[in-house]
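Naming convention: chains lettered A, B, ... in sequence-line order (proteins, then strands); numbering from 1 in each chain.
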There are 2 protein chains.
Amino acid sequence: MTKADSNVDRIYEKLRKMAAYFEFKPDARINESALSTELGASRTPLREALNRLVAEGFLTFQSGRGFFCRPLSPKLILDLYEARVAIETEIVRLVCRRASDEELQDLMEFLKSTEPDYDSCEDPMELLSMDEAYHMRIAALSQSNELVRILENLNDRVRYIRLVDLKYLRGKTPVSTQEEAQLSAHRVVLTALINRDEDKAVSTMRHHIERRRDEATEAVRIAYSQLYVPAD
Amino acid sequence: MTKADSNVDRIYEKLRKMAAYFEFKPDARINESALSTELGASRTPLREALNRLVAEGFLTFQSGRGFFCRPLSPKLILDLYEARVAIETEIVRLVCRRASDEELQDLMEFLKSTEPDYDSCEDPMELLSMDEAYHMRIAALSQSNELVRILENLNDRVRYIRLVDLKYLRGKTPVSTQEEAQLSAHRVVLTALINRDEDKAVSTMRHHIERRRDEATEAVRIAYSQLYVPAD
DNA sequence: GCACTCAAAATTGTATACAGCACCATATTC
DNA sequence: GAATATGGTGCTGTATACAATTTTGAGTGC
C-alpha cells in the first residue's frame, strides 16, 4: 500500500478545506483535543498539520493559547485581491512571451468547450471551480512554479468570499449577463495573448480581477451574515 | 516557563536561518533525532517547526522518508526572481497611488542618509541587509500586508544566492561602480514615485530586479562550488 | 452590582515510548 | 560477478502521559 498520502497529509487537506470555507469561525479558538477525536487522530499529527496552515495564512497561532482561525475583514480580502492582481498580471506577461501558439490554441479550445457549461451551470461552487481551473491553466503556461504556487494559496484563501460574491452579489444581475461578462474577459485576454498583445492582455486581466476586488467589502459583510446565521 | 516566544518559535527562527543559508545542503535529508539534540529540544516541537518551513518552501517533505532541504537549481532561483518582479512592481504601483508626499520624502531622507554606508561598506551581508531594508520600507508604503508577507518569504528564500551574487559576481566590477548603480536605481525609482510617474517607477524597478535575475544561473553554479568546498 | 481572589478544570507544550517502515550491508543463488 | 533475498539497524509516524499554563467560575468583600 503506497502511503503517498500520510496521515498528516490527509488531516492537512481536510483542515485546509475547513479553514478555506470558514468552518472555523473567524478568530475562533481551535480546540485540539476535540478536533483530533473528530478527525480520528491524535494531537501530534494534528498539530503538525495546524502548523503548516499557520505558515500558509489559514490560521494564526498564539503561544500558550493555541491555534485560531484567521480573521476576516474587508482589508484582508482587499489585500488578497491585490496580491492576485500582482501575480496574475505577471503570469499573463510571461505567458505572452513563453507560451507557444499551439498551447494558446489548445487553451482557446478548452475555453470554447466549457462555454456551454458556464451558460447552463446554476451552482456557484461549480462556476467558481471552472473559473479557477481556467486561471490555473493560464498560470501553468507561465512556466513559473513559484507564481503557480502563490496563486494557488491566494485562491484558496479568497475562495469563500468569491463564492459569496458570486452567490449574493452577482446573483442580482441575470445569470446569462454576468457569466457572459466573465467569459468575455477570459476570451479577450486569450485573444490578446494569441495576438501577442501583452499590454492589452495584462490590463484586461488586471481589470477583470479589480472589478471583483471592489465588491470585497460588501461581500465580507454578507459573508459574516451567512456565517453567523443558522443553517437553512 | 513559556515566554512570549515559545520554544517552537525559537526553533523555527533558528531553522529558518539555517535553511536560508543552506546550512542544510540542497536535497540533503534532515535527521530529526540529531537535529533535536543539537537544538536542545525533543522531536515534537522540532517537527512542528519543520512543518511550518515546508509550507513556506524552505524544506520539502516525503511521507515515510522525512524532511529534506529544498533543492537548489537555476530554474528555482529564476522563479523566485520572477515572483519578486511580480510583487515588487505591483508594490511600486500601489505606493505611487497611496503614499503621501511626506512618506516619500522621509524615504528619500533615509536613502540619502544610508548612501555613505553603501559606499564604505565592505561586507556583502551588510550591504544586502541595507538593500532589503530599503525594499521592505517601500513595500510597507504599499499598505498591503499580503504583498509584504510574500516579499519577505521570497527574500528569505533567495538571500543566499543574492549574497553569492554580490560576493563573487559583482565583486568583479569596482565596488564604487556597482553600489552606485544599485543606489542610482533606488534613487530613480523613488524620484519617479515622488513625481508620481507610475510607469517609470514600475519599469525601473522591474529592470533593477531582472538584471540580477539574469545572473542567477551563474550565481547558482558558484553557490554550489561554495557549499561543497571546505570552509576557508 | 462590581471587582478581586483563588482553586478547579480545561487546555496547551513537550518528552518519551514504541510500532512499523526504509535503508544498508551481508549472504546466497545463479 | 551480478542480481536478488534477508536480517539488522536506524529513522520516522503517532499515541500517550504529564507538566505548565491559561481559563473558568464560585465565592468574598466592598
Side-chain angles (χ1 to χ4, degrees), chain A residues 1-19 22-71 228, chain B residues 1-19 22-71 228:
Chain A
M1 103 181 194
T2 358
K3 279 184 61 177
D5 279 351
S6 77
N7 200 16
V8 173
D9 286 334
R10 188 181 56 80
I11 295 171
Y12 164 78
E13 294 295 345
K14 173 110 184 165
L15 289 178
R16 193 181 161 98
K17 276 206 186 74
M18 291 174 72
F22 284 99
E23 290 183 34
F24 309 111
K25 302 274 178 281
D27 290 307
R29 189 171 179 169
I30 290 171
N31 185 317
E32 296 172 18
S33 314
L35 194 54
S36 72
T37 58
E38 187 186 326
L39 296 177
S42 79
R43 281 176 56 222
T44 310
L46 169 62
R47 282 177 62 103
E48 294 194 4
L50 290 172
N51 270 288
R52 284 200 215 173
L53 293 167
V54 168
E56 289 181 287
F58 287 99
L59 303 176
T60 64
F61 173 76
Q62 289 178 53
S63 181
R65 312 210 323 118
F67 297 88
F68 298 78
C69 183
R70 71 202 147 125
Y228 290 102
Chain B
M1 60 178 222
T2 312
K3 299 160 267 180
D5 276 354
S6 76
N7 202 15
V8 172
D9 285 335
R10 188 181 57 78
I11 295 171
Y12 164 77
E13 294 295 345
K14 173 112 185 163
L15 289 178
R16 193 181 161 98
K17 275 204 186 74
M18 291 173 72
F22 283 101
E23 290 183 36
F24 309 110
K25 301 275 178 282
D27 291 306
R29 188 170 178 168
I30 290 171
N31 186 319
E32 296 172 18
S33 315
L35 193 54
S36 71
T37 58
E38 187 186 325
L39 296 177
S42 78
R43 282 177 54 221
T44 310
L46 170 63
R47 281 178 62 104
E48 293 193 5
L50 290 172
N51 271 288
R52 284 199 214 173
L53 293 168
V54 168
E56 289 181 289
F58 288 98
L59 303 176
T60 65
F61 173 76
Q62 288 177 53
S63 181
R65 310 208 327 117
F67 296 88
F68 298 78
C69 183
R70 71 200 148 129
Y228 291 101

- Query: B:R70 side chain to B:A19 main-chain N or O, any donor-acceptor pair under 3.5 Å?
  - Reply: yes
Output for pair (A:I30 CD1, A:L15 CG), nearest 0.5 Å, gives 7.5 Å
CZ of B:R10 to NZ of B:K14, rounded to nearest 0.5 Å, is 8.5 Å
Numerically ordered, the residues 43-60 of chain B set in heavy-atom contact under 4.0 Å with DNA chain D is B:R43, B:R47
Here the residues of residues 26-42 of chain A within 4.0 Å heavy-atom distance, strictly under, of DNA chain D are A:R29, A:A41, A:S42
Exactly one of A:L53, A:N31, A:T60, A:N51 clears side chain to side chain contact (heavy atoms under 4.5 Å, CB included) with A:F67, and that residue is A:N51
Closest non-hydrogen contact found for A:S36 with A:S33 is OG-O, 2.8 Å
Sequence neighbours excluded, the answer for salt bridge (Lys or Arg N to Asp or Glu O under 4.0 Å) partners of A:R47 is A:E32, B:E48
- Indicate, with a heavy-atom threshold strictly under 4.0 Å, whether A:F67 touches base, sugar-phosphate, or nothing. nothing
Sequence neighbours excluded, the answer for ring-ring contact (aromatic ring centres under 6.0 Å, His included) partners of A:F58 is none
Contacts of B:F24 meeting ring-ring contact (aromatic ring centres under 6.0 Å, His included) (sequence neighbours excluded), chain-then-number -> none
From the candidates C:dT14, D:dT14, C:dC23, the one with an atom nearest any side-chain atom of A:N7 is D:dT14
Taking five pairs at each terminus, the helix from C:dG1-D:dC30 to C:dC30-D:dG1 shows an axis bend, to 10°, of 10°
Show, in sequence, the C-alpha distance, side-chain angles and deciding distance for B:R52 and B:D9, and conclude whether the salt bridge (Lys or Arg N to Asp or Glu O under 4.0 Å) test is met.
CA-CA 10 Å; B:R52 284 199 214 173; B:D9 285 335; 3.2 Å; yes
Between CZ of B:R65 and C1' of C:dG20 the distance, given in whole Å, is 16 Å
Whole-Å distance, B:Q62 CD to D:dC11 P, equals 17 Å
Practice task
Evaluate whether atom NZ of B:K25 has more than 12 neighbouring non-hydrogen atoms of other residues, nucleotides or ligands under 6.0 angstrom away.
Solution key: yes
